[in-house]
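Sequence lines set the chain letters: A, B, ... in the order given, protein chains first and strands last, and positions in each chain run from 1. Basis for what follows: all heavy atoms, side chains included, without hydrogens, waters or symmetry-related copies.
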Amino acid sequence: MEGGHQQPPDSRVPHFSVRLSRLGYRTSKDPSNGAPMILPVHQRLRAAIAARLTEVYGLAPAEQPVITIDYAPNRELGDLAVPVAFELARRLRKAPRAIALELAEALGAVDGFARIEAAPNGYLNCFLDRAAFLTARLLPQTPAGGPADQGKTIVEHTAINPNKAAHIGHIRNSALGDTLVRVLRFRGVPVEVQNYIDDTGVQVADVVVGFETLEQISLDDVRALAAQPRFDYHCWDLYARVTEWYEADKTRLAVRLKALHDIEHGGNPTAAMGALVADAIVRRHLETMRRLHIEYDLLTWEGDILRLKFWARAFEILKQQGTVYLQTDGRLAGCWVMAIDDGESGGQGELGEQGGSGEPVDEDAGREKVIVRSNGTVTYVGKDIAYQFWKFGLLGLDFKYRRFATRGDGQPLWATTSDAAHDTPGHPTFGGAGTTYNVIDVRQSYLQKLLKQALAAMGHTRQAERSIHFSYEMVALSHATARVLGYAPPADDVKKPFVEVSGRKGLGVKADDLMDLLERTATSEVFRRNPELSADEVARTGSEIAVAAVRYFMIKYSRGKVIAFDIDEALSFEGESGPYLQYAVVRANNIFAKLKERTGQDEAAVRAAVETLSADALTGAEGDELWGVVLDAARLDEVVEQVVRTLEFSVLAKHAFGLAQAFNGFYHKAPILNEERPDVRAWRAAGIAYVRAQLTAALDLMGIVVPARM
RNA sequence: GCGCCCGUAGCUCAGUUGGAUAGAGCGUUGGCCUCCGAAGCCAAAGGUCGCAAGUUCGAGUCUUGCCGGGCGCGCCA
């Protein structure tokens with residue numbers, strides 16, 4: 001497969017619309033006023049250079065190299081730096097330096113730039129018009145519309161088995177998924193967030209077996225238990241006990257099989273208990289995720305996919321197209337199978353003609369994937385294909401919809417239903433996406449590849465391309481943390497760099513435990529520092545800090561990396577951490593609060609004040625300091641563009657951290673309130689107003705809010 | 001066996017359309033609170049970017065081979 005480098009189809013077309021108002025989970029205020037950032041400047045510069053390449057060297061646009069835009073290592077050398085002269089040196093048989101000189105000369109004055117000059121080594125160094133740049137970004141802007149319509153995008157994430165408490169591995173999934181949602185919305189993409197609930201699987205069956213056979217309690221007893229605050233914790237332990245129970249005597253697995261069967265068929269006490277457990281656990285998961293500022297638009301229940309015969313329809317289509325066919329001999333005789341393309345094409349577009357017809361020869365074993373077992377039941381892949389077809393609107397069937405709960409923002413959270421009596425008129429339209437992202441860990445890569453293949457084999461090559469597996473590595477435990485949890489590793493494991501989390505064994509850090517611990521730590525610290533705050537404010541702030549700590553922690557690693565979760569590291573609020581970022585903005589906010597207090601000047605006034613001032617404060621060594629932070633802040637749109645293109649969120653995390661660092665450095669070096677020179681003070685205030693808005697926006701993309709005090 | 005991912009400072013990691021002296025946090029050492037909040041700032045020490053070839057004006061980044069580690073390849077999900 002393409003590994004970590006799938007590209008969403010629209011990623012090469014930058015657009016600059018900013019709809020920050022839609023980002024806010026808690027606030028509806030647009031933190032950056034929809035101001036333009038750096039990408040429009042890139043665009044303008046690129047266009048100007050391209051025009052000169054044609055003019056001076058007769059290079060038609062098609063013959064030109066891609067004009068990359070870098071940043072000069074420091075502000076004295078310039079702001080943007082273009083190495084295009086190196087690229088052209090051979091073709092033009094000229095030294096890079098000479099080309100750069102000619103280009104600089106030909107470029108003359110470019111709108112928005114103070115000057116563009118050739119560096120001795122051949123770079124084209126571009127100096128922005130600092131005052132104009134900053135001033136333009138301080139003015140309120142009307143956001144542009146969304147991108148050219150590509151249809152909506154569905155992001156599926158979380159999808160925790162509804163049979164036990166969520167753990168840190170699930171947090172990584174949800175944090176990545178939710179950040180993806182925020183980042184896409186930032187770019188103006190309409191996004192529908194779905195959480196898939198596997199309510200009819202083995203895992204739920206196992207917990208039901210636990211209640212029915214191990215604990216031997218009634219449906220009413222379970223209902224009473226489920227009303228307890230942390231029912232999911234109870235199930236966490238029970239699930240581990242059931243696993244042990246099976247292991248002690250393998251014949252007991254027959255009990256599981258029967259439970260699973262009953263649950264799938266419905267209309268019996270076991271199924272009723274399964275439904276009760278799943279519903280209660282899902283509600284617990286939603287609470288856990290809400291603590292992390294994560295919400296969904298739709299819960300998709302696997303049981304509804306079964307009951308509404310989505311699979312039957314998908315199966316018909318697949319049979320009709322010959323994508324899935326009945327194997328008549330060999331070890332898979334009696335199964336309906338799909339041909340697997342193990343070829344080098346890696347799931348790209350041209351799979352279409354393969355597997356479209358009749359009887360592929362079964363030479364090697366392993367070239368076919370069972371979709372329907374010889375006993376007539378459908379595998380997980382089959383159900384997933386049906387779901388994926390529905391997501392793209394290719395199934396010709398739809399769910400019924402019911403209100404499931406109310407989200408943190410007051411909007412309804414919808415769930416699928418197969419019961420016409422519960423269908424709620426006026427529900428939004430779900431499904432029918434142009435692009436889907438499935439946020440699932442890397443171990444599912446093989447199956448996600450099959451999913452793409454199924455789409456491609458059906459002739460839906462465009463949907464196959466836009467069916468994106470957002471994969472990421474596991475969260476494991478550091479040895480130190482595993483030890484704290486009372487885990488004594490077997491001899492083999494000691495050598496491994498980390499300890500694998502196991503829901504089955506009940507080994508792992510529960511999400512709510514982690515949040516509790518973080519909140520307790522943060523809250524006591526907030527109380528110590530701000531004794532005047534009310535208990536409510538202290539608690540809220542503690543929670544906001546806890547969220548920042550976890551979410552930043554989950555985002556800062558690249559997704560291809562196993563996180564060896566270490567509790568002490570996660571609890572650190574210093575250095576490269578979420579709270580560090582919040583702290584920087586809190587400080588900036590304090591400056592503006594004090595400014596208002598002392599001079600009556602609000603932020604709008606600060607932003608406006610600068611227009612009539614000379615730009616001296618932005619030049620020279622002193623000016624470089626402020627300008628450097630402003631320029632860095634402006635790069636958020638560029639960073640987001642890269643993040644969506646590469647699906648690598650560490651870039652966003654590092655950018656925000658770097659910006660906070662730059663601000664903190666500036667903060668110590670260059671006072672605002674105590675600055676004597678009025679124009680210097682005004683420019684600093686204006687620059688920092690922009691910086692804090694951009695940093696706030698960046699934090700918002702990570703689901704982090706900025707407390708009033710901390 | 002085949003496929004995918006990872007290997008960068010003592011530790012944990014950024015560095016993703018190849019671009020100017022390889023960065024950060026933690027840890028270590030030494031400084032900075034009558035001055036917008038020290039969850040902070042400044043400074044020092046610390047690197048054969050796993051190894052070897054290759055492509056290129058230019059390689060941590062691309063290609064090939066090798067070494068070390070992880071994951072996947074079920075009529076499980």
Nucleotide nearest [X] when distance is taken to its side chain, options [options]:
{"X": "A/Tyr557", "options": "B/rC13, B/rC75, B/rU17", "value": "B/rC13"}
{"X": "A/Lys561", "options": "B/rG7, B/rA39, B/rC71", "value": "B/rG7"}
{"X": "A/Val586", "options": "B/rG37, B/rC75, B/rA39", "value": "B/rG37"}
{"X": "A/Asn530", "options": "B/rA77, B/rC75, B/rG37", "value": "B/rG37"}
{"X": "A/Phe573", "options": "B/rU12, B/rG15, B/rA39", "value": "B/rA39"}

For [X], report the nucleic acid contact type (base, sugar-phosphate, nothing); a contact means any heavy atom under 4.0 Å.
{"X": "A/Ala333", "value": "base"}
{"X": "A/Asp384", "value": "nothing"}
{"X": "A/Ser572", "value": "nothing"}

Salt-bridge criterion met for A/Glu525 and A/Arg528 (N-O under 4.0 Å)
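Yes, charged N to carboxylate O under 4.0 Å.
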
Do the side chain of A/Ser445 and the base of B/rC4 come within less than 3.5 angstrom through a donor-acceptor pair of N or O atoms?
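Looking at the base of B/rC4, it does not pair with any donor or acceptor on the side chain of A/Ser445 (distance under 3.5 Å).
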
Going by salt bridge (charged side-chain N to carboxylate O under 4.0 Å, His left out), name the residues that satisfy it together with A/Lys94, two or more places apart in sequence or in a different chain.
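Counting only residues at least two positions away or on another chain, A/Lys94 forms a salt bridge (charged side-chain N to carboxylate O under 4.0 Å, His left out) with A/Glu102.
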
Would you say the side-chain atoms of [X] pair up with the backbone N or O of [Y], donor to acceptor, closer than 3.5 Å?
{"X": "A/Asn125", "Y": "A/Ala118", "value": "no"}
{"X": "A/Arg46", "Y": "A/Ile67", "value": "yes"}
{"X": "A/Arg97", "Y": "A/Ala85", "value": "no"}
{"X": "A/Gln203", "Y": "A/Pro162", "value": "no"}
{"X": "A/Arg172", "Y": "A/Met474", "value": "yes"}
{"X": "A/Ser524", "Y": "A/Thr521", "value": "yes"}

Strictly below 4.0 Å, heavy-atom distances to any atom of RNA chain B: list the hits from residues 91-101 of chain A, or just say none.
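None - not one residue of the stretch has a heavy atom sitting under 4.0 Å from the strand.
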
Worked check of side-chain hydrogen bond (donor to acceptor under 3.5 Å, both in side chains) between A/Asp198 and A/Tyr380:
CA-CA 10 Å; A/Asp198 183 4; A/Tyr380 163 81; over 6 Å; no

Under 4.5 Å between any side-chain heavy atoms of A/Leu659 and A/Val691, yes or no?
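When only atoms from C-beta onward are counted, A/Val691 and A/Leu659 do touch, with a gap below 4.5 Å.
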
Ignoring backbone atoms, establish whether [X] has a side-chain N or O less than 4.0 Å from OP1 or OP2 of [N].
{"X": "A/Arg645", "N": "B/rU17", "result": "yes"}
{"X": "A/Ser577", "N": "B/rA39", "result": "no"}
{"X": "A/Tyr580", "N": "B/rG37", "result": "no"}

Pairwise N/O distances under 3.5 Å, protein to nucleotides 32-36 of chain B:
residue, atom, partner, partner atom, Å
B/rC35, O2', A/Asn674, ND2, 3.2
B/rC36, O3', A/Lys594, NZ, 3.3
B/rC36, O2, A/Ile672, N, 3.4
B/rC36, O2, A/Leu673, N, 3.0
B/rC36, N3, A/Ile672, N, 3.0
B/rC36, N4, A/Tyr667, O, 2.4
B/rC36, N4, A/Ala670, O, 2.9

Across all strands shown, which nucleotide pairs with B/rA38 by Watson-Crick or G-U wobble geometry, both distances under 3.5 Å?
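Partner of B/rA38: none.
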
Decide if the gap between the ring center of A/Phe470 and the ring center of A/Phe649 is smaller than 6.0 angstrom.
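Aromatic pair counts; centres sit under 6.0 Å.
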
Determine which pairs satisfy ring-ring contact (aromatic ring centres under 6.0 Å, His included) with at least one residue from residues 573-596 of chain A, sequence neighbours left out, and list them in order.
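Applying ring-ring contact (aromatic ring centres under 6.0 Å, His included) to every pair that reaches into residues 573-596 of chain A, excluding sequence neighbours, yields A/Tyr580-A/Phe657.
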
Write out a two-atom table: protein N or O, nucleotide N or O from nucleotides 56-61 of chain B, distance below 3.5 Å.
residue, atom, partner, partner atom, Å
B/rC57, OP1, A/Arg90, NE, 3.1
B/rC57, OP1, A/Arg90, NH1, 3.3
B/rC57, OP1, A/Arg90, NH2, 2.0
B/rC57, OP2, A/Arg90, NH2, 3.1

Each nucleotide in nucleotides 20-25 of chain B should get exactly one letter: B, S or -. Can you fill that in based on protein heavy atoms under 4.0 Å?
BB--SS

